[in-house]
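One structure is given here, and the rest of the page talks about it.
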Amino acid sequence: MPEGIEVEIYRQAADPIVGHQITSVDCPDEWFLKEGATAEHVSDAVVGQRVETTRRIGKLMLVDLSNGVTVGLRFGMTGRLLVDDSGPIDELEYGPKATKDEWVRFRLSFDNKRQLFLHDPRRLGGVILDPDESKLGDDMFSITQERLQERVLVGTVALKARLLDQKRVAGIGNLICDETLWQSGIRPDRAANSLTPTEQSTLHTTLLQTVETLFKQGGSHTGELQSERHRAGHCPTDGTELSREKIGGRTTYYCDVHQK
DNA sequence: ACATTAACCTGTTGGC
DNA sequence: TGCCAACAGGTTAATG
């Protein structure tokens with residue numbers, strides 16, 4: 001469930017490592033290293049380097065090092081970032097609540113005694129050296145209405161599938177998507193190019209507002225719809241039983257009455 | 001080129 | 001009570 005919001009929270013929690021030198025790296029699970037990298041490759045690329053900046057595009061966290069290498073961190077759906085022995089987010093909506101050493105997939109140690117851990121029980125996350133950033137669309141926190149129209153509101157594919165497509169707009173996950181569409185009053189199964197100008201504008205405004213609100217509230221699971229996102233859940237506004245369908249390959253909850 | 005589906009991973013949940 | 005299939009969601013490979 002880490003969506004763009006959680007990754008931004010992780011990124012901010014990593015502030016204490018900025019400007020510091022990496023003294024060692026630990027890759028207990030080489031499977032977690034993507035694109036053919038080995039523990040040795042990673043070690044050669046990062047040990048002794050200083051962290052210049054941290055960035056984020058969508059759900060991808062980026063750590064820029066003094067030698068020009070960028071370390072990309074992906075969290076899948078159960079990945080958490082911990083600084084020293086605690087994380088900014090203690091538990092995730094659909095993951096195990098516990099923290100276990102065996103679930104630590106990647107660890108960086110710094111000259112200020114800090115340690116950064118990537119904890120991921122389900123191993124759907126990963127570490128990528130110099131990830132291809134061009135594969136990601138504009139970030140959901142700041143996408144303009146123009147770009148939303150150009151990149152997302154095109155074609156006859158279901159609107160929800162478009163919103164989840166990371167190369168068109170980056171950072172939206174299943175929960176933010178359902179919440180945004182519900183708040184917008186627009187059905188997830190509408191063709192992406194079928195929105196009226198008014199709906200296009202509403203969707204853009206609502207997306208930015210929803211992202212901002214959920215971020216301030218501390219996670220993508222804090223939306224109004226979330227408590228009813230289960231079988232036989234009811235619409236918080238009108239009490240109708242929510243529809244449950246697979247759209248864009250993901251379980252989707254929406255209100256058949258007020259989402260048009 | 002584009003769209004859809006399946007596979008990946010594994011801890012938790014719910015039905016029998 | 002125990003077993004096991006279904007489920008969760010982000011990503012990518014495979015298929016249509």
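A note on names: the letters A, B, ... follow the listed sequences, proteins ahead of strands, and every chain is numbered from 1. These numbers come from a predicted model, not from an experiment.
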Open item on the list: Starting the side chain at C-beta, find the nucleotide from B/dA3, B/dT10, C/dA8 nearest to A/V157.
Closed with: B/dA3
Task: Contacts of type side-chain contact (heavy atoms from CB on, under 4.5 Å), residue A/R190, not counting sequence neighbours - done: A/I186, A/R187, A/S194, A/L195, A/E199
Task: Residue A/N174, side-chain atoms from C-beta onward, closest of B/dA3, C/dT11, C/dG10 - done: C/dG10
TODO: Take atom CZ of A/F75 and atom P of B/dC8, then tell me their distance rounded to the nearest Å.
DONE: 25 Å
TODO: Would you indicate which nucleotide in B/dG11, C/dC7, C/dA8 comes nearest to any side-chain atom of A/K246?
DONE: C/dA8
Open item on the list: Nearest to the A/W103 side chain among C/dC7, B/dG11, C/dT11, which nucleotide is it?
Closed with: B/dG11
Open item on the list: Distance check, C1' atoms only: C/dA6 and B/dA6, in whole angstrom units.
Closed with: 16 Å
Task: Pair A/E245 + A/K160: basic N to acidic O under 4.0 Å - done: no
Open item on the list: Check this one for me: any side-chain N or O of A/T251 less than 4.0 Å away from OP1 or OP2 of C/dA8?
Closed with: yes
- [ ] Check ring-ring contact (aromatic ring centres under 6.0 Å, His included) between A/Y10 and all other residues, then give those that pass, not counting sequence neighbours.
- [x] A/F75
Task: P gap between B/dA7 and C/dA5, integer Å - done: 16 Å
Open item on the list: With a 4.0 Å cut-off on N to O distance, would you call A/R147 and A/D138 a salt bridge?
Closed with: yes
Open item on the list: Nearest whole Å is fine: how far is B/dA3 P from A/R168 CZ?
Closed with: 6 Å
Open item on the list: If I take atom CG in residue A/L118 and atom C1' in nucleotide B/dC9, what distance separates them, rounded to the nearest angstrom?
Closed with: 15 Å
TODO: Can you run through DNA chain C from 5' to 3' and write each base as (, ), [, ], | or . depending on how it pairs? Watson-Crick or G-U wobble, both distances under 3.5 Å.
DONE: .|||||||.|||||||
TODO: Report the distance from atom CD1 of A/I247 to atom C1' of B/dA3, rounded to the nearest whole Å.
DONE: 16 Å
- [ ] Output yes when at least one side-chain N/O atom of A/R74 is less than 4.0 Å from OP1 or OP2 of C/dT11, else no.
- [x] yes
Open item on the list: Taking 4.0 Å as the cut-off, does a side-chain nitrogen or oxygen of A/R122 come that near to OP1 or OP2 on B/dT12?
Closed with: no
Open item on the list: Looking at every heavy atom in both A/I17 and A/F110, which two are closest together, and how far apart are they?
Closed with: CG2-CE1, 3.5 Å
Task: Proximity to the side chain of A/R231 - top-ranked nucleotide from C/dC7, B/dG11, C/dA8 - done: C/dC7
TODO: Side chain of A/K59 only, please: which of C/dC7, B/dG11, C/dG10 is the nearest?
DONE: C/dG10
Open item on the list: Under a 3.5 Å threshold, yes or no: a donor from one side chain and an acceptor from the other, between A/E30 and A/T38?
Closed with: no
- [ ] Nearest whole angstrom, please: distance from the P of C/dT11 to the CD of A/E3.
- [x] 10 Å
TODO: Would you tell me whether A/E52 and A/S66 have side-chain atoms, one donor and one acceptor, within less than 3.5 Å of each other?
DONE: no
Task: For atom CG of A/D189 and atom C1' of B/dA3, their distance in whole Å - done: 17 Å
TODO: Please figure out whether A/G155 or A/R250 has its closest DNA chain B nucleotide nearer the 5' end.
DONE: A/G155
Task: Options C/dA8, B/dG11, B/dA3, nucleotide nearest the side-chain atoms of A/P96 - done: B/dG11
Task: Whole-Å distance separating the NE2 atom of A/H119 from the C1' atom of B/dC9 - done: 15 Å
- [ ] Specify the separation, in whole Å, of atom CZ of A/R162 and atom P of B/dT4.
- [x] 8 Å
Task: Ionic contact status for A/D178 with A/R229, cut-off 4.0 Å - done: yes
